[in-house]
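See structure below.
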Amino acid sequence: MQQASIAPSPVHHVTPDRQEAGERLVARLKGKVQGRMYTDPLMTYAWSGDASSYRLIPAAVVFINSEDEVRAVMAAARAEGLPITFRAAGTSLSGQAVTDGVLAVLGDGWRKLEIHPGAEQITLGPAIIVAHANTALKKFNKKIGPDPASQATCKIGGVVNNNSSGMCCGVTQNTYHTMARLRIVLTDGTMLDSGDTASRDAFRASHRAMLDGLHLLHHEVMADAELVALIRKKYRIKNTVGYSLNALVDYHDPLDMLIHLMVGSEGTLGFVSEVTYNTVPEHPFKSTALVPFRDPQSAGRAIIKLANGGVQVTTGVTAAEYIERRALATVEHLPPMAPLLPWLTDTSPAVLIDVTAPDAATLEAEVAKAVAILASEDATHIDFSTDAARSHALWDIRKGFFASGGAARPKGTAMLTEDVAAPIERLAEFVTDMRKLLDAHGYEDAIIFGHALAGNLHFQMSDDFAKPGSAEKFDRFSHDLSQLVSVQYGGSLKAEHGTGRAIAPFVEAEWGAKAYGLMHRIKDLFDPEGLLNPGVLLNADDKVHIKHLKVMPLADELVDMCIECGFCEPACPSHQMTLSPRQRIAVTRERARLRASGEDPERLKRLDEDFQYPGLDTCAACNLCSIRCPVGIETGTMIIGQRAQRRGVTARAMAGLVADHRGSVEHMMRGGVALAGAARRIIPAPAIEAITDGARRLTGERVPRVSRALHHGPGSPKPAETRQYPRKTGFPVPIAQTGRQSVVYFPSCATRMFGAPETEHDLKAVPDAMLALLERAGFDVIVPEHLNGQCCGQPFQSKGFPEQAASVGGELKRELSALSDAGRLSVVTDASTCAKHLREFPGDAPVLDSSQFLLSQVLPRLTITRTLPVVAVHHNCSAQRLAEQPMTEAIAQACADEIAVLSSVTCCGYAGDKGLFFPELNAHATRFVKSDIPAGCTLGVSTVSTCASGLSEHAGVPFVGLASLLEWASRP
């Protein structure tokens, strides 16, 4: 057998001729493509990986936003002899979204979402995230059929092109079967809309030869009974190996064959610009159980009985996820798993089951049926529950196995993942044979889980491809896996992840020479030049699956366990503007590798220098990526550490000076904003912004931008004469002589320095509103003396000055602890950011954010006297990390007839003062916010004043502090 080997450099670099071709392509596209285009080493490396174990550095990265731009890229790539790979979210697991040619990334122009009357259909652009489509359909008790585990990240374009399915989808609800219409662009630039009669007629006239070729293939297949039987058998179970040959059997009109061949074609036949799905029911009544069994065989037999002969249902058992014991071990530390632990032995698998129904009575009956089946196979613990929170928690664990299992691997290794399927009636023995195969090849760390109702198993393991022999080991395993799945079980070597580079060498072994020949003829009909994603799905290189494998060098212990899955990206405010968390980690790893190997010092120098703006400056360090990451990786914390490493002696000295004189700095900041506000009364706001923008350009953006949405703050609040203070009483803490409960209130520096925009509602500034609310609720309020300059330290921390952050924040925490009488009194602040940061310092004071304290201690003591029709609600990054969303929404709901939670904004990108120095980050993060503001909404709320400023500028309505709104609503 020919042995594979890894090249001396584990990274596949772009050859000089391709690099030059990429630069010429970008030159050709100037003026024709409005999106960003890159050929530099840093950005091309940042886009070199998807969620698979492969890495290829593209010659050019081009953001596309329209069909005309797709045509322009195709023409330019053809002229330069470069192949094109289209990329949606990059959650692909088989290497189909990486290339050393042109990587055409979906931009914002593909975000169409239109629900048809009755919600029986939905039309989606390829850049729509699956979960967003389902959120829009939820109020109609509908969803789209495909439901991949990555649905909070993956996009419709990838779902169509991979024929992705998922946990409840089965076979009958995948894109192939639920698609009503497809709009595509072929390599010659022709657009075909299968739902438009005129488009279909025009295409029949212009592409008769192509349709005739498909018609010929159809007749050849139908004349071969053995081949027809093979095709029908292969698609009774999940199958994404090769092209969708069932299109040649299921349809007679070659145009319908063409459209259905596009599904699962992995971007090798054309570009999908729009799809209309027939929706499926999402029944509102559901019961969930995680059921352990004594052994894999009994679990497999139970699933076979639950599977309804492999036919997917919408009422009854709609999902049954097999999870083997070794997989359970990677998550058994999580709280939702605690009730199950007493029932697990060393060999116990578990099955996560959903039973759904249109009404409560039907649900009860269906659960009873499932319980009877489970008990018949000796399930050791059956506990169905309709608790939605419990169900979500269990499913979050299951959906996160890809990443959490990957995080259990040894550091420095790459994660390998495969998904296979076998006929459901053979599931019990299939599970056992899969484990034997993995162990026999030395992958004892592998875990197995999967969509058992469809006979679909996933497994993942790890290896270090920088070590000699690792590729050969994976090659031997892959061949034996192909024999086991394709031949011995007559199953699918790729059930739902797509063929990609990972399985391309094994397509012929699974399908046979005759069917494999058909696939090549299909490719030739659509793309005779080999322009689109060559080497993916069909590949003559029988070793392509072990080439261009990722290496994962150790770079930073904070992120070493990252598997580059991309789940973090939708939460990142800089994603698709500069870099995402996944890309920051990938580039950091490459820099670490180059530093350790010493192989290319010039490239390392370029990567280090170029990383400053996209990697460091425009990272909000909000760490919302950690919430999306199943293992909680805080990329923002890594970036803060890298900022600290780049701080020189002068910068640290300046930070120390600022820390020692922060009162003067606060005074200057307030004065500067006030001066800008006064100037706007004389000079139009656009002129002021133009002046400051000009100054920023002349000073290398060292001068902050002063926008019209930025207003000077109220400063430190003036306490009432009746308050008790230590200096006056001589006691460490005030004596509450009034008999009322006391509370310590710390007005954050942000609310002191930056105020809210004027509104028609005569709102108080946040500090004044907090004081009014606390007194109105019957509290005696203690405010620290000499507030000017008091700070939690977060601004120093985020800029990479940890010593100053510890000094400043620690000093404040000690004072607050003293004022709280060693924690006897509650301490409340009015900025989520400060609340979160102060909790990280030692001290007795239990620091509460305003939303938490206002909801639990203040709102119950108030009388709401007036409300607004609708209020927009923003959950800033710290509030999200503190899990305060329900609290904020409850307070807003008390002040309004309706609330509209911003769905397009995660972190607003203002990020402390980044809205002043890098306003483009705030603009990018809030670019869709106006679509979240409903008609009749005149006000929005946030719990951080700087976030409110950034949102006020871009949302079209003023955003104010939560306390300001509550004070107005409860004002006598």
Side-chain angles (χ1 to χ4, degrees), residues 86 88 92 94 96-97 110 121-126 128 130 133 144-148 154-166 169-186 191-195 200 203 210 214 217-218 221 231-232 234-280 312 421 454 492 494-500 503 507 511 515 518-519 522-523 525-527 532-533 536-538:
F86 297 109
S92 310
S94 300
Q96 57 267 63
W110 308 100
Q121 292 186 333
I122 185 170
T123 294
L124 301 168
I128 291 291
V130 172
I144 65 170
D147 64 333
C154 69
K155 296 178 179 178
I156 292 297
V159 168
V160 174
N161 276 284
N162 291 302
N163 199 21
S164 308
S165 48
C169 175
V171 173
T172 57
Q173 293 177 5
N174 63 22
T175 297
Y176 181 93
H177 290 291
T178 60
M179 174 184 68
R181 163 186 163 271
L182 204 62
R183 184 180 173 106
I184 63 174
V185 178
L186 297 179
M191 184 280 293
L192 168 62
D193 186 339
S194 71
R200 290 171 68 102
F203 191 85
M210 182 181 187
L214 288 174
L217 291 180
H218 164 71
V221 170
I231 292 171
R232 294 198 188 282
K234 295 291 288 181
Y235 288 104
R236 288 193 186 102
I237 59 174
K238 287 186 178 182
N239 176 23
T240 59
V241 177
Y243 289 120
S244 299
L245 293 183
N246 45 341
L248 301 178
V249 173
D250 295 341
Y251 297 95
H252 299 284
D253 185 336
L255 200 147
D256 291 334
M257 297 175 206
L258 184 154
I259 290 298
H260 285 83
L261 281 166
M262 288 291 300
V263 177
S265 62
E266 302 178 29
T268 64
L269 302 183
F271 176 78
V272 174
S273 60
E274 201 169 280
V275 60
T276 298
Y277 279 102
N278 294 317
T279 59
V280 300
Q312 189 70 25
S492 305
K494 273 293 181 182
E496 58 181 0
H497 292 168
T499 308
I503 301 301
V507 175
W511 276 100
L518 285 173
M519 294 180 189
I522 289 167
K523 172 69 170 174
L525 280 172
F526 281 80
D527 182 24
L532 302 181
N533 226 3
V536 167
L537 200 142
L538 302 177

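Values reported hereafter were calculated over all heavy atoms of this structure, with side chains retained and with hydrogens, waters and symmetry mates removed.
- Formation of a donor-acceptor pair under 3.5 Å by the H218 side chain with backbone atoms of L248 is found in this model.
- Smallest separation of non-hydrogen atoms from K234 and S492: O-OG, 4.3 Å.
- Separating the NE2 atom in H497 from the CD atom in E266 is a distance of 12.0 Å, to the nearest 0.5 Å.
- Using a 4.5 Å heavy-atom threshold, the side chains of K523 and L538 count as touching.
- S165 and E496 form a side-chain donor-acceptor contact under 3.5 Å, judged by distance and modelled atom types alone.
- Heavy-atom minimum distance, G158 versus A88: N-CB, 3.8 Å.
- The minimum heavy-atom distance between F271 and P126, with the atom names listed, is CZ-CG, 4.5 Å.
- Taking the centre of each ring, W511 and Y243 stay at or above the 6.0 Å mark.
- In this model, a donor atom of one side chain and an acceptor atom of the other lie less than 3.5 Å apart for Y277 and T175.
- Between the CD1 atom in I156 and the OG atom in S164 there is a gap of 9.0 Å [rounded to 0.5 Å].
- Using a 4.5 Å heavy-atom threshold, the side chains of F526 and L258 count as touching.
- Not one N or O on the side chain of T279 forms a donor-acceptor pair closer than 3.5 Å with the backbone of I144.
- With a 4.5 Å cut-off on side-chain heavy atoms, R181 and E274 count as touching.
- Under 3.5 Å, the side chains of H260 and Y176 contain no donor-acceptor pair of N or O atoms.
- Distance CG/N163 to NZ/K494: 14.0 Å, rounded to 0.5 Å.
- Applying side-chain contact (heavy atoms from CB on, under 4.5 Å) to I184 and the options V275, L192, V160 leaves one that passes, L192.
- Atom OG in S265 sits 5.0 Å away from atom CG in N161 (nearest 0.5 Å).
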Criterion side chain to side chain contact (heavy atoms under 4.5 Å, CB included) on L182 and V272, from CA distance to verdict: CA-CA 7 Å; L182 204 62; V272 174; 3.8 Å; yes
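- In summary, the side chains of N278 and Q121 do present a donor paired with an acceptor at a separation below 3.5 Å, with no hydrogens or angles considered.
- Within the 3.5 Å criterion, the main-chain N or O of Y235 finds no donor-acceptor partner in the side chain of N246.
- Listed for the T499 side chain is a donor-acceptor partner under 3.5 Å among the backbone atoms of T240.
- N162 and Q96 share a side-chain donor-acceptor pair at under 3.5 Å.
- Taking NE2 of H177 as the start and SG of C169 as the end, the distance is 9.0 Å to the nearest 0.5 Å.
- A 4.5 Å side-chain heavy-atom check between L532 and L269 finds every atom pair outside the cut-off.
- Between T276 and I122 there is no side-chain heavy-atom pair separated by less than 4.5 Å.
- In this structure, N174 contributes its side chain and V171 its backbone to a donor-acceptor pair below 3.5 Å.
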Side chain to side chain contact (heavy atoms under 4.5 Å, CB included) evaluation trace for F203 with M191: CA-CA 8 Å; F203 191 85; M191 184 280 293; over 6 Å; no
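- The two atoms that bring T178 and P146 nearest to each other are OG1-CD, 4.3 Å, heavy atoms only.
- To the nearest 0.5 Å, the span separating CD1 on I259 from OG on S244 amounts to 12.5 Å.
- R200 places a side-chain N or O within donor-acceptor distance of the main-chain N or O of S194, the cut-off being under 3.5 Å.
- For the pair L214 and L525, the minimum side-chain heavy-atom distance is below 4.5 Å.
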Derivation of the side chain to side chain contact (heavy atoms under 4.5 Å, CB included) call for L124 and W110: CA-CA 8 Å; L124 301 168; W110 308 100; over 6 Å; no
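- Counting heavy atoms from C-beta on, the side chains of I522 and L261 come closer than 4.5 Å.
- Counting heavy atoms from C-beta on, the side chains of M519 and L245 come closer than 4.5 Å.
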